[in-house]
Number of protein chains: 2
Amino acid sequence: MQHALTRKLESFEPLSDQARWALNGLVIKVRQVGARQDLIQEGDKPENVLLILDGFACRYKVLPGGQRQIMALLVPGDFCDLNVFILDEMDHAIGTISTCQVVDIPRQAIDETATHHASIARAFWWCSLVDGAVLREWLVNIGGRLPAPRIAHLFCELLMRLEAVGRVTDNSYAFPLTQTEIAETMGLSDVHVNRTWGDLRVLGLIHLKQRVLTILDVERLKAFCDFTPNYLHLRNTRWGERRDLSWPGRAEGG
Amino acid sequence: MQHALTRKLESFEPLSDQARWALNGLVIKVRQVGARQDLIQEGDKPENVLLILDGFACRYKVLPGGQRQIMALLVPGDFCDLNVFILDEMDHAIGTISTCQVVDIPRQAIDETATHHASIARAFWWCSLVDGAVLREWLVNIGGRLPAPRIAHLFCELLMRLEAVGRVTDNSYAFPLTQTEIAETMGLSDVHVNRTWGDLRVLGLIHLKQRVLTILDVERLKAFCDFTPNYLHLRNTRWGERRDLSWPGRAEGG
DNA sequence: CGACTTATTGATGCACTTCAAGCGACGTGG
DNA sequence: CCACGTCGCTTGAAGTGCATCAATAAGTCG
């Protein structure tokens with residue numbers, strides 16, 4: 001079975017067998033990390049690139065008041081930082097939310113793979129750009145949307161991102177965040193997240209049981225929060241419009 | 001006089017004369033754009049990279065309710081999008097705030113310059129990474145800080161970013177944003193921005209006159225909003241800690 | 001089973017939004 | 001040259017959405 005990274009990259013553009021094989025070559029040294037552990041701390045200077053193979057992690061900063069702000073959720077197939085080594089040191093921390101399977105990929109291996117496979121280099125670029133786009137959408141979400149659609153938007157986004165890596169069945173996916181952690185990502189109090197959550201439940205939009213979230217009515221949830229998936233730039237999935245780019249045989253260096 | 005881009009890149013690492021010369025070669029086809037004009041619209045597929053040489057611009061999205069959310073401020077030396085052409089189309093718009101001088105740089109020219117000058121390629125990478133870091137800090141700002149420190153933080157960040165491109169004198173810089181535009185970046189109402197602004201003024205922290213903002217007490221303003229400049233990853237300016245890389249005589253062309 | 005974390009609910013208060021009106025600066029046209 | 005419109009800033013008043021504090025219930029892990 002192909003792992004999350006390959007699936008994700010192929011939601012951008014198809015890969016040759018050689019490219020897929022090269023990607024598999026990156027995934028050695030898998031390790032298991034428990035929930036709520038730091039993978040990287042602020043001030044670190046990581047030499048390896050981290051890849052999340054399974055589980056949820058997050059980027060976060062802690063404000064002087066002690067409150068934590070989560071800035072991004074990392075799901076299977078997501079890189080922690082493809083090119084941090086250019087910077088002097090990490091300006092934020094990365095921690096697990098659930099138990100995670102993490103891969104340490106030497107910087108050199110990334111570079112070499114990208115050099116030998118133009119399609120992978122392009123796909124890595126695409127990852128970085130989409131990460132930025134997601135971040136911008138989060139800013140819009142927090143800055144501009146009311147609490148209920150704000151939370152709903154997160155659920156919609158995760159539905160699509162997890163779908164792209166094969167982690168969704170029947171509009172359900174594993175959702176390990178506590179309400180407090182949702183509050184930390186959404187700039188709300190945990191109490192208010194709870195009440196808003198209740199509203200969404202009453203509206204018949206979502207259902208949560210044993211850390212599995214089910215979207216009861218995808219279209220209604222999307223309409224509820226004005227979810228527009230263009231910022232995820234998926235084009236090769238059932239959500240992304242499949243464009244007629246008709247790759248003329250991809251010219252893949254193999 | 002060297003332009004903003006060169007200055008900015010040199011706040012990351014020093015450049016050779018050849019590299020500086022190559023950068024100058026990118027800056028042809030300068031055009032003037034009036035205030036409050038769109039440079040790029042959502043859905044566009046730009047072929048050129050835009051560089052802001054002078055003035056303020058912003059990234060923004062418009063929510064269905066009609067409200068605008070500004071997601072980033074672009075100041076002299078900032079690229080609009082170094083690598084958008086990998087994506088299918090723009091997921092947000094870019095518009096000017098003040099009158100701007102903009103350069104259209106063909107994608108090919110960017111690629112060639114980066115290929116021939118490793119230091120420039122690295123510096124371009126650094127630009128992208130810092131853009132992301134700024135975006136994350138904005139998320140923390142909007143999600144976690146109260147209105148007064150939130151606005152103060154913006155002023156601190158602009159002070160340093162503009163300082164890096166030589167647009168600050170005596171802790172003053174041109175500040176063309178209206179209070180409504182500040183509100184649109186901060187996720188606040190314009191009325192509340194006005195009141196909060198008044199608070200900052202009463203505290204003796206800032207002073208605005210004829211679109212020139214003066215930070216009256218930089219250290220106090222920084223302390224007020226817990227400003228930590230590490231996320232800007234400057235190391236070659238008077239703010240960034242100068243690391244003992246021992247450049248043999250700054251090679252400051254001037 | 002007992003300790004601890006997570007979810008839920010109530011009560012209280014204030015920070016922020018919204019609506020609304022007035023003011024100064026600026027530009028335009030009669 | 002002054003009347004007028006527009007735009008940005010300022011201030012007031014009113015309502016409420018969200019945070020905070022607090023206590024209980026439900027779930028989870030040893």
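In what follows, chains are A, B, ... by sequence order, proteins preceding strands, each numbered from 1.
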Bounds of contact between DNA chain C and chain A, in 5' to 3' order, using a heavy-atom cut-off under 4.0 Å: C/dT6 to C/dA11
From CG (A/L51) to SG (A/C127), nearest 0.5 Å: 9.5 Å
Distance (rounded to the nearest 0.5 Å) between B/L154 CG and B/L159 CG: 11.0 Å
Restricting both atoms to N or O, compile the protein contacts to nucleotides 19-21 of chain D shorter than 3.5 Å, with distance only.
residue	atom	partner	partner atom	Å
D/dA19	OP1	A/S189	N	2.9
D/dA19	OP2	A/S189	N	3.3
D/dA19	OP2	A/S189	OG	2.7

Ring pair (Phe, Tyr, Trp, His ring centres under 6.0 Å) partners of [X], counting only residues at least two apart:
X	value
A/Y173	none
B/Y60	none
A/F224	none

Axis-to-axis angle between the two ends of the helix from C/dC1-D/dG30 to C/dA21-D/dT10 (five base pairs per end, rounded to 10 degrees): 50°
[Y] backbone acceptor or donor facing [X] side chain under 3.5 Å:
X	Y	value
B/D217	B/R220	yes
B/R59	B/C80	yes
B/E42	B/M90	no
A/Q67	A/G65	no

Residue pairs, two or more places apart or on separate chains, that pass side-chain hydrogen bond (donor to acceptor under 3.5 Å, both in side chains) and touch residues 44-53 of chain A: none
Interatomic distance, B/D199 CG vs D/dT10 C1' [rounded to whole Å]: 13 Å
Listing, residues 187-202 of chain B side-chain donor-acceptor contacts under 3.5 Å, not counting sequence neighbours, or none:
residue	atom	partner	partner atom	Å
B/S189	OG	B/H192	N	3.2
B/N194	ND2	B/Q179	OE1	2.9
B/T196	OG1	B/H192	O	2.8

For B/V134, all residues meeting side-chain contact (heavy atoms from CB on, under 4.5 Å), sequence neighbours excluded: B/V130, B/W138, B/E157, B/R161, B/Y231, B/L232
Considering only nitrogen or oxygen atoms on both sides, find all protein atoms under 3.5 Å from nucleotides 28-30 of chain D and state each distance.
none

Would you list the atom pairs, donor with acceptor, under 3.5 Å between side chains in residues 143-152 of chain A and any protein atom, with sequence neighbours excluded?
residue	atom	partner	partner atom	Å
A/R145	NE	A/N141	OD1	2.7
A/R145	NH1	A/C225	O	3.3
A/R145	NH2	A/E137	OE2	2.6
A/R145	NH2	A/H153	NE2	3.2
A/R150	NE	A/R145	O	3.1
A/R150	NH1	A/M186	O	2.7
A/R150	NH2	A/R145	O	2.9

Distance test, side-chain N/O of B/N194 to OP1/OP2 of D/dT10, below 4.0 Å: yes
Side chain proximity check, A/T185 to A/C58, heavy atoms < 4.5 angstrom: no
Evaluation steps, side-chain contact (heavy atoms from CB on, under 4.5 Å), between A/T99 and A/T96: CA-CA 7 Å; A/T99 303; A/T96 61; over 6 Å; no
Within residues 173-185 of chain A, residues whose heavy atoms come under 4.0 Å of DNA chain C: A/T178, A/Q179
